[in-house]
Amino acid sequence: MVVGWHRPTKLVIDTQAIKENVYNEVKRMPQGTELFAVVKANGYGHGAVQTAKAAIEGGATGFCVAILDEAIELREAGITEPILILSVVDVSYIDLLLQYDLSVTVATQEWLEQAIERLNHIETQSPLKIHIKVDTGMGRIGFTTPETVKQAVKLTQATKTLIWEGLFTHFSTADEKDTRYFEKQSDRFQAVLSALFELPKYVHVSNSATALWHPDNPGNMIRFGIAMYGLNPSGHELSEVYPLKPALSLVSKLIHVKELSPGEGIGYGNTYTTTESEWIGTIPIGYADGWLRHLQGFSVLVNGKKCEIVGRICMDQCMIRLSEKVAVGTQVTMIGHDHGENITMQMVADKLETIHYEVACTFSERMPREYK
Ligand SMILES: *Cc1c(COP(=O)(O)O)cnc(C)c1O
């Protein structure tokens, strides 16, 4: 997709905020604990490579991604720190894992057997680094019992083609007040640890929520995602342990301003009709940018004043009701600070009845990302 460099709509990413969020977490981690920055899905929409570089400055010593291509992107950009792919990679891509020196998640005995079979046929100097995933109750991927984990470890240690680099699990309710299910998962992981005679270099259980609200959990590495971008992992449920700094703003400029008489219709389907003489402004952002139609009725900021989105949001444009005549070219803030007012990603998520994670990932490639 082309990037709209010649349009005033843009995401502004504050890399200093990312660096500070990482630094604040690194500061409070126990000695010997490492922070791997999670930059999957283009750094939650913030830009994977730029986020990774800011995270290193803040003290991150490795990275997690979801898929192989995301790991390759980081390597191609010159990132040399360890990179763990959190999801399953088909064994047919093992040569790429080796070529780019990537660590991969192992979730089944079958994968391990197929991988060893393949590795025996590859002329390779370096072994493949694996992290064994334990499913303690997320129900997504991973070994579910101490016995199956032990078997996987045994198989791994019986071959020179593999290095057992990590053991990990993932919590599904670390961001909730009720900790009962969290404790159940925690106990299951503990049972796996107890069943093993030795541990790999990295043992890791913490996403952002676990790191923030359950800091005494086992492990010597954390997988720090959403909080690095300055967003509270729990939404409204739990309060921030230390102030997180949101890194993303979304701004545009008015491209058209007009005064309409009472009784005039706005947008497709004519869902809004002016009730009095109204100033209507048009902004060049629409659902193709990830500014979704369900945001009709949400308010954005112009000169620090809240202006409601009126009429349906189009693919590339939407209309807002201004409180007064405003010049074409005036900045519009859709996420971020403007004259003491603030619109958060959480507010957008609330309007969309979803979570800020999804909002951040939905911003399309068409919007340029500007880094400061
Ligand atoms: C995405 C992901 C994370 C990061 O989660 P946050 O809530 O963004 O911190 C950590 N671990 C795994 C396995 C993930 O998939």
Side-chain angles (χ1 to χ4, degrees), residues 17-18 21-22 24-26 28-29 33-48 51-52 55 58 60 62-68 70-71 74 82-89 102-107 130-143 165-176 182 185-186 189 202-215 217-238 240-242 244-248 345-346 349 354-362:
I18 293 172
N21 292 325
V22 169
N24 285 332
E25 182 59 29
V26 167
R28 67 193 278 275
M29 294 189 316
T33 307
E34 293 190 41
L35 184 149
F36 277 30
V38 184
V39 295
K40 61 196 182 191
N42 195 29
Y44 297 35
H46 294 62
T51 298
F63 298 97
C64 297
V65 295
I67 66 174
L68 175 55
E70 293 170 346
L74 295 182
I83 300 174
L84 168 62
I85 302 170
L86 295 168
S87 196
V88 179
V89 176
L102 304 169
S103 305
V104 70
T105 296
V106 174
I130 64 154
H131 288 230
I132 294 177
K133 178 72 182 281
V134 187
D135 181 4
T136 52
M138 176 70 182
R140 193 163 61 181
I141 55 170
F143 298 89
E165 187 185 55
L167 178 76
F168 73 114
T169 194
H170 191 53
F171 291 107
S172 63
T173 63
D175 58 345
E176 293 178 11
F182 180 91
Q185 284 195 259
S186 195
F189 192 68
Y202 296 111
V203 174
H204 47 109
V205 303
S206 301
N207 56 359
S208 298
T210 309
L212 292 176
W213 294 299
H214 305 272
N217 254 267
N220 55 5
M221 184 262 264
I222 69 167
R223 308 183 300 269
F224 205 56
I226 197 78
M228 168 173 62
Y229 305 97
L231 301 168
N232 179 332
S234 76
H236 298 288
E237 181 140 347
L238 299 168
E240 290 174 7
V241 180
Y242 50 88
L244 297 169
K245 265 200 165 177
L248 180 146
M345 201 106 83
Q346 183 64 48
T354 182
I355 53 174
H356 46 52
Y357 290 79
E358 191 178 42
V359 175
C361 293
T362 302

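We count ligands from 1, going down the list as the structure has it; atoms in each ligand are counted the same way.
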* Please walk me through it: do V359 and Y44 pass side chain to side chain contact (heavy atoms under 4.5 Å, CB included)? -> CA-CA 9 Å; V359 175; Y44 297 35; over 6 Å; no
* What's the spacing between T105 OG1 and L84 CG if we round to 0.5 Å? -> 4.5 Å
Find out whether [X] and [Y] are in side-chain contact, i.e. whether some heavy atom of one side chain is under 4.5 Å from a heavy atom of the other.
X: N207; Y: P233; value: no
X: N232; Y: Q346; value: no
X: Y242; Y: R28; value: yes

Against heavy atoms of [X], which atoms of ligand 1 measure under 4.0 Å?
X: Y357; answer: 6 (P), 7 (O), 8 (O)
X: I226; answer: 6 (P), 7 (O), 8 (O), 9 (O)
X: K40; answer: 1 (C), 2 (C), 3 (C), 14 (C), 15 (O)
X: R140; answer: 13 (C), 15 (O)
X: Y44; answer: 1 (C), 4 (C), 5 (O), 6 (P), 8 (O)

* What class does the angle between the rings of Y202 and H131 fall in, given that below 30° is parallel, 30 to 60° is tilted and above 60° is perpendicular? -> parallel
* Nearest protein heavy-atom contact for atom 10 (C) of ligand 1: which residue, which atom, what distance? -> R223 NE, 3.4 Å
* Starting from atom 12 (C) of ligand 1, locate the nearest protein heavy atom and write down its residue, its atom name and how far away it is, to 0.1 Å. => H170 CE1, 3.4 Å
* To do: Please say whether L86 places an N or O atom under 3.5 Å from an N or O atom belonging to ligand 1.
  => no
* Asked: Counting both backbone and side chain atoms, is some N or O of F224 under 3.5 Å from an N or O of ligand 1?
  -> no
* Using a heavy-atom cut-off of under 4.0 Å, does the side chain or the backbone of S208 touch ligand 1, or both, or neither? -> both
* Answer side chain, backbone, both or neither: which part of M138 comes under 4.0 Å from ligand 1, heavy atoms only. => neither
